[in-house]
Amino acid sequence: MWNERRGEKPLALQAKGDPLLGAIAFAVCQGCHGMEALGEVDGTYPRLAGQHASVLIKQLADVGAGIRDNRKMYPFAEEHVVTTQELADIAAYLSALSVTEEHGIGPGTDLERGRSL
Ligand code: HEC
């Protein structure tokens, strides 16, 4: 059920996203996800930059459909705030953003534990 292709999701996946329009539509998201969509290092606000467009569309459509419980984002995933076309546009914009190489890399003090994990 979590991966059924119904509602807004298949429509947004089929739409051709325009990254320039996506950059404009992303303005309402920047307060939490950051100007460059890099989120917070501790993960409370996830990095969206560089994620696959299909993943971004699925997550946002799931929040909009109430399948992914994300209270902070409910007001921003509604159709009157982000249309299906804007969803495709935002995904096209975000997926094309580059991510700095250092992002998410720790200090390297616990490499043995990391290897075993
Ligand atoms: C009020 C703060 C807030 C705003 C505004 C907001 N988000 Fe989020 N968003 C979050 C939080 C917090 C999470 C992570 C919640 C969780 O882990 O379930 C999240 C998660 C996501 C995810 C899932 C990322 C992942 O890696 O799983 C996507 C995609 C996303 N947001 C897109 C957007 C878009 C696009 C907008 C604007 C239309 C937006 N968000 C606006 C707070 C916000």
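Indexing begins at 1, ligand by ligand and atom by atom, following the structure's order. None of the values given here were measured: they were computed from a predicted structure.
Not a single N, O or S atom of Cys29, from either the backbone or the side chain, sits less than 2.8 Å from atom 8 (Fe) of ligand 1.
Not a single heavy atom of Gln30 sits under 4.0 Å from any atom of ligand 1. Note on ligand 1: Thr44 sits in its first shell, one or more heavy atoms being nearer than 4.0 Å.
Residue Leu56 has at least one heavy-atom neighbour below 4.0 Å for each of these atoms of ligand 1: 29 (C). Distances below 4.0 Å separate heavy atoms of Val82 from the following atoms of ligand 1: 38 (C). Heavy-atom proximity to Gln51, at under 4.0 Å, picks out these atoms of ligand 1: 25 (C), 26 (O). Atoms of ligand 1 lying under 4.0 Å from at least one heavy atom of Leu48, given by number and element, are 22 (C), 24 (C), 28 (C), 29 (C), 30 (C), 32 (C), 33 (C). The distance from ligand 1 to the heavy atoms of Lys72 drops below 4.0 Å at these ligand atoms: 1 (C), 12 (C). Applying the 4.0 Å criterion to heavy atoms of Val28 picks out, from ligand 1, the atoms 5 (C), 38 (C).
Atom 18 (O) of ligand 1 has as its closest protein heavy atom Arg68 NH2, 3.0 Å. For atom 4 (C) of ligand 1, the nearest non-hydrogen atom of the protein is Cys32 SG, 3.4 Å. Of all protein heavy atoms, the one closest to atom 14 (C) of ligand 1 is Pro46 CD, 3.5 Å. Looking from atom 15 (C) of ligand 1 to the surrounding protein, the closest heavy atom is Asn70 ND2, 3.2 Å.
Residues Leu56 and Leu48 form a side-chain contact, since some pair of their non-hydrogen atoms from C-beta on lies under 4.5 Å apart. Taking 4.5 Å as the limit, some side-chain heavy atom of Arg5 sits within range of a side-chain heavy atom of Leu13.
Around atom 8 (Fe) of ligand 1, the two atoms NE2 of His33 and SD of Met73 are separated by an angle of 170°, to 10 degrees.
Not one N or O on the side chain of Lys9 forms a donor-acceptor pair closer than 3.5 Å with the backbone of Leu60. With hydrogens and angles ignored, the 3.5 Å screen pairs a side-chain donor or acceptor of His33 with a backbone N or O of Pro46. In this structure, Asp89 contributes its side chain and Asp18 its backbone to a donor-acceptor pair below 3.5 Å. Using a distance-only test at 3.5 Å, with no hydrogens or angles considered, a donor-acceptor pair links the side chain of Gln85 to the main chain of Lys16.
Using cut-offs of 30° and 60° for the angle between ring planes, the Phe26 and Tyr93 rings count as tilted.
Across every non-hydrogen atom of Val81 and Pro75, the tightest pair is CG2-O, 3.3 Å. Of all the heavy atoms in Asn70 and Val63, the pair that sits closest is CB-CG2, 4.0 Å.
With a 4.0 Å heavy-atom cut-off, ligand 1 is reached by no atom of Phe26.
To the nearest 0.5 Å, atoms CD (Glu8) and OG1 (Thr83) are separated by 8.0 Å.
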